Amino acid sequence: MGTILLVEDDSGIQKMLSISLGAAGYELIKAGSIKSGLVALSQNPISLVLLDLGLPDGDGKKFIKEAKIFSDVPIIVVSARDIESEKIEALEMGADDYLTKPFSIGELIARIKALSRRVRDKDESIQTEITIGKLTINLANKTVTIDSRAVKLTKKEFELLALFAKNKGKVLTHTFVLENVWGRGYGNETHYLRVFMAQLRKKIEENPSMPQYIVTESGMGYRMNEPTIK
């Protein structure tokens, strides 16, 4: 099912994840520092990285920065740091997800599978059409339908929806969304995002106050999920 690189210096967590992820069909390579993690990443066909931030040779965010220079491997931060600014910084540096310790093995495996599916789908082809639940986004024609019913979106609303759809399952920070839709220099204009998100949800959600497609990740940003509604 793929090889996971665990960059974690706690031997107890290393042992626990070796057993749990091995039972789920994953091969695990362990590294106890930033330096050894980068070496392992450069020398092995790694499918995904699980990264702690508190490492003996520095902050794990340094690993993210250096890894992204030569690899597109997806990274899930698994850390005891539950501070909003830490989460935002890690995500903006290139981490794909952030899970706070303590966590359940079930949730970790679910996030690994979701991220792996997203990466696999992206690699298989350049998508021109994305279907999520009852929602279909045609990236070429810039059209959106729900249950084959056309949904009229403004240019900015479509750009927002397309950005979330192309990154399904990944937390997108407010700054990332603003700079990708409005451009650099707009990273702090969060009121823009609130207004347009409210408008977009009114058009694509059955109940905008309880969104199923684009959910809020408190203190971080938004994540597009496969809806649970049928």
Side-chain angles (χ1 to χ4, degrees), residues 1-124 126 166-173 175-176 180 217 220-221 223:
M1 294 182 70
T3 300
I4 293 175
L5 171 62
L6 173 64
V7 186
E8 165 69 68
D9 64 323
D10 187 311
S11 59
I13 293 177
Q14 285 186 354
K15 183 176 180 180
M16 181 265 290
L17 290 180
S18 292
I19 295 170
S20 301
L21 294 176
Y26 295 97
E27 178 185 352
L28 194 68
I29 293 176
K30 293 170 284 187
S33 66
I34 294 171
K35 183 177 180 180
S36 59
L38 290 168
V39 170
L41 179 60
S42 66
Q43 295 180 351
N44 297 277
I46 303 298
S47 301
L48 183 142
V49 174
L50 298 178
L51 173 68
D52 185 27
L53 294 182
L55 295 166
D57 56 342
D59 191 310
K61 291 191 290 292
K62 181 181 178 183
F63 175 93
I64 300 172
K65 182 179 179 180
E66 296 193 18
K68 290 299 178 181
I69 295 173
F70 65 90
S71 173
D72 291 327
V73 66
I75 299 172
I76 299 178
V77 172
V78 183
S79 173
R81 299 181 191 175
D82 195 21
I83 302 172
E84 178 182 326
S85 59
E86 290 278 1
K87 297 177 181 179
I88 291 173
E89 187 178 1
L91 291 164
E92 289 186 339
M93 289 182 72
D96 296 270
D97 205 347
Y98 195 113
L99 188 60
T100 304
K101 299 176 182 176
F103 55 88
S104 73
I105 291 299
E107 181 180 8
L108 176 61
I109 291 176
R111 293 203 186 194
I112 290 171
K113 288 181 177 178
L115 185 53
S116 297
R117 282 196 301 269
R118 181 176 64 80
V119 172
R120 183 177 63 247
D121 291 345
K122 182 179 178 181
D123 289 343
E124 284 178 354
I126 298 175
K166 286 186 281 189
N167 291 278
K168 186 181 81 168
K170 180 178 178 180
V171 178
L172 302 186
T173 66
T175 300
F176 179 87
N180 275 269
E217 293 287 347
M220 293 189 287
R223 181 200 304 262

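Because the structure is predicted, anything quoted here is derived from the model rather than measured.
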> Once rounded to the nearest 0.5 Å, what's the spacing between atom CD of E66 and atom CE of M93?
9.5 Å
> When rounded to the nearest 0.5 angstrom, what distance separates CD1 in I29 from CG in L50?
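These two atoms lie 12.0 Å from each other.
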> Check step by step if salt bridge (Lys or Arg N to Asp or Glu O under 4.0 Å) holds for D82 and K101.
CA-CA 8 Å; D82 195 21; K101 299 176 182 176; over 6 Å; no
> Taking all atoms of both residues into account, what is the closest heavy-atom pair of G37 and L5, and its distance?
O-CD2, 3.4 Å
> Taking atom CG of N180 and atom CG of N167, what is their separation to the nearest 0.5 Å?
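Nearest 0.5 Å value for the CG-CG distance: 8.0 Å.
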> Hey, does F63 have a side-chain heavy atom less than 4.5 Å from the side chain of V77?
no
> Decide yes or no for L21 and L6: does some side-chain heavy atom of the first lie under 4.5 Å from some side-chain heavy atom of the second?
no
> E107 vs L99, test: side-chain contact (heavy atoms from CB on, under 4.5 Å). Steps then yes/no.
CA-CA 9 Å; E107 181 180 8; L99 188 60; 3.4 Å; yes
> Decide yes or no on salt bridge (Lys or Arg N to Asp or Glu O under 4.0 Å) for K35 and D57, but give the supporting numbers first.
CA-CA 8 Å; K35 183 177 180 180; D57 56 342; over 6 Å; no
> Where do S18 and L28 come nearest, in terms of heavy atoms and distance?
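Distance-wise, the nearest heavy atoms are OG-CD2, 3.4 Å.
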> Given side chains that start at C-beta, do those of L51 and I64 come closer than 4.5 Å, heavy atoms only?
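A side-chain contact exists here, since the closest heavy-atom pair is under 4.5 Å.
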> I'd like to know whether E92 forms a side-chain hydrogen bond (donor to acceptor under 3.5 Å, both in side chains) with T175, so could you lay out the CA-CA distance, the side-chain angles of the two residues, the decisive distance to 0.1 Å, and finally the verdict.
CA-CA 8 Å; E92 289 186 339; T175 300; 3.1 Å; yes
> Distance check, rounded to the nearest 0.5 Å: I76 atom CD1 versus L108 atom CG?
6.0 Å
> Rounded to the nearest 0.5 Å, what separation is found between the CZ atom of F70 and the CG atom of L38?
5.5 Å
> Does the side chain of R81 come within less than 4.5 Å of D59's, by heavy atoms?
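Touching, per the 4.5 Å side-chain cut-off.
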> Any non-hydrogen side-chain atom of L115 less than 4.5 Å from a side-chain atom of K170?
no
> Do Y98 and V171 pass the side-chain contact (heavy atoms from CB on, under 4.5 Å) test, and can you show the C-alpha distance, the side-chain angles, and the key distance before you say yes or no?
CA-CA 8 Å; Y98 195 113; V171 178; over 6 Å; no
> Under 3.5 Å, side chain of S71 to main-chain N/O of A67, donor-acceptor pair present?
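No.
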> Using a 4.5 Å cut-off on heavy atoms from C-beta on, say whether the side chain of K65 contacts that of K61.
no
> Is K30 close to L17 at the side-chain level, that is, under 4.5 Å between some pair of heavy atoms?
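No, their side chains stay 4.5 Å or more apart.
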> Return yes if some donor-acceptor pair links the side-chain N/O of S42 with the main-chain N/O of V39 below 3.5 Å, else return no.
yes
> So, for A31 and S36, which heavy atoms are closest and what is the spacing to 0.1 Å?
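Looking at all heavy atoms of both residues, the shortest contact is CB-OG, 3.5 Å.
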> Work out which heavy atom in L55 is nearest to a heavy atom in S33; give both atom names and the distance.
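Closest pair (atom of L55, atom of S33, distance): CD1-C, 4.5 Å.
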> Measure the spacing between OG1 of T173 and NZ of K87 and express it to the nearest 0.5 Å.
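One finds 13.5 Å between OG1 of T173 and NZ of K87.
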> With a 4.5 Å limit on heavy-atom distance, are the side chains of D10 and D52 in contact?
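The answer is no; the side chains never approach within 4.5 Å.
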> Indicate the atoms forming the closest heavy-atom contact of V73 with D96, along with that distance.
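The pair with the smallest heavy-atom distance is O-OD2, 4.3 Å.
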> Taking all non-hydrogen atoms of both residues into account, name the closest pair between G54 and D9 and its distance.
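Heavy-atom minimum between the residues: O-OD1, 3.4 Å.
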